[in-house]
Amino acid sequence: MAAAATVALALAISGATASLTGTDNRAVKLANDLKPGYQPWAQPMGWVPSSDAERWLFAMQAGLGGGLIGFAVARQRKGKGQHS
Amino acid sequence: MHIAEGYLPLAHCALWGVCAAPFVMDSVRQLNQPEVRARRFELAAAGGLLLLLSALKLPSVAGSSSHPTGVALAAIWFGPRVVPALTLVVLLLQALLLAHGGITTLGANEFSLGVCGPWIAWLAHRASLRLGISPSWACWLGAFASSLAVYAVASGQLAVAYPDPSSGVVGAAWKFGVVFAWTQIPIAITESFLTSATFRLLSPQRNEAIS
């Protein structure tokens, strides 16, 4: 449940931020300003997702994280119940 | 923060890789320690927060957005030496599946996110506790310091590769730092509240362990 909630939240946030410029891209832009004509000597080596796929993958990564936190909280509560 | 694929000269990539590698190897050893394994559910939560935060692209001031770093909780709970292997997994995942960061810049990104961030988080947290700050605010300050530290180190790494024609490396570091700072300070504040909330969520057990 925590995982599903996190995926939904992450998708909502990524929808809201789609039009904003990420700092990673700003850094690339400044690097290009400081060295005009610089060509990156390597290209992304893995899979390059479309912007929609990127949103879903990031949301799934966040969901996995949220799920792990939920799992740990649930385990801890259960463990405490047994001890007391 | 991800320095994009191909944006650091080969020599820099190699150097940062050599700097980061021993920390990663040490981290794998740390993760296999019995005392870390015994707390695997907390490790799952700390790793979960890292995955969650590093995947969020949060809006910030002036039409910009950025990623939190998410390394503080693991560093505060387990010590900074445990963290590099966790961040390496995240960085590889994002380099290969999301075209964020890169394989050539993996060493540099790992050094800022996996080594510098966690150490600063741990030091800031320890210093805050010494000053008598409450555990959850000490956690907040650790997260805040580490989030900014990761971006400060990344600014330095970029500045060494892209010195300003007139003001040199220092001038370029300032320029990259300014680009990041406006976006990252509000993000660091958000990240710190999320980290401290997770810390409190799982803290009953921790308080026993600390005392």
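Proteins come first, then strands; the chains are lettered A, B, ... in the order of their sequence lines, and each starts at number 1.
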Polar side-chain atom of A:W41 near backbone of B:E5 as donor-acceptor pair, under 3.5 Å: no
Portion of A:D33 that has a non-hydrogen atom of chain B nearer than 4.5 angstrom: neither
Option passing side chain to side chain contact (heavy atoms under 4.5 Å, CB included) with A:L64 (candidates B:L52, B:L93, B:L51): B:L51
For chain B, the option from A:P44, A:G70, A:G63 that forms the most heavy-atom pairs under 4.5 Å: A:P44
B:K175 to A:L34 - nearest heavy-atom pair and separation: NZ-CD2, 4.1 Å
Heavy-atom pair of closest approach, residues B:V179 and A:R26: CG1-CB, 3.7 Å
Contacts with chain A made by residues 159-168 of chain B (heavy-atom distance under 4.5 Å), listed by residue number: B:A161, B:Y162, B:D164, B:P165
By side chain to side chain contact (heavy atoms under 4.5 Å, CB included) - contacts of B:A124 (at least two apart): B:A145
Ring pair (Phe, Tyr, Trp, His ring centres under 6.0 Å) against B:F23, all qualifying residues, sequence neighbours excluded: none
Chain B contact via A:Q43 - which portion, at a heavy-atom distance below 4.5 Å: backbone
Closest non-hydrogen atom pair, B:Y7 against A:A31: CD2-CB, 4.3 Å
Proximal component of B:S155, with respect to chain A [non-hydrogen, under 4.5 Å]: neither
Portion of B:L49 that has a non-hydrogen atom of chain A nearer than 4.5 angstrom: both
Interface residue of largest heavy-atom contact number with chain B, from A:L57, A:V48, A:L30, under 4.5 Å: A:L30
Closest non-hydrogen atom pair, A:Y38 against B:L8: OH-N, 4.2 Å
Heavy-atom side-chain proximity of B:Q94 to A:Q61 below 4.5 angstrom: yes
Nearest heavy atoms of A:A62 and B:A55, plus distance in Å: N-CB, 3.7 Å
Between B:A46, B:S54, B:A172, B:A95, the one whose heavy-atom pairs under 4.5 Å with chain A are most numerous: B:S54
Interatomic spacing from CG in B:L202 to CZ in A:R75 - rounded to 0.5 Å: 13.0 Å
Contacts with chain A made by residues 97-107 of chain B (heavy-atom distance under 4.5 Å), listed by residue number: B:L97, B:L98, B:A99, B:H100, B:I103, B:T104
Least distance between heavy atoms, A:V28 atom then B:A4 atom: CG2-CB, 3.8 Å
Separation of B:E42 CD from A:Q76 CD (nearest 0.5 Å): 7.0 Å
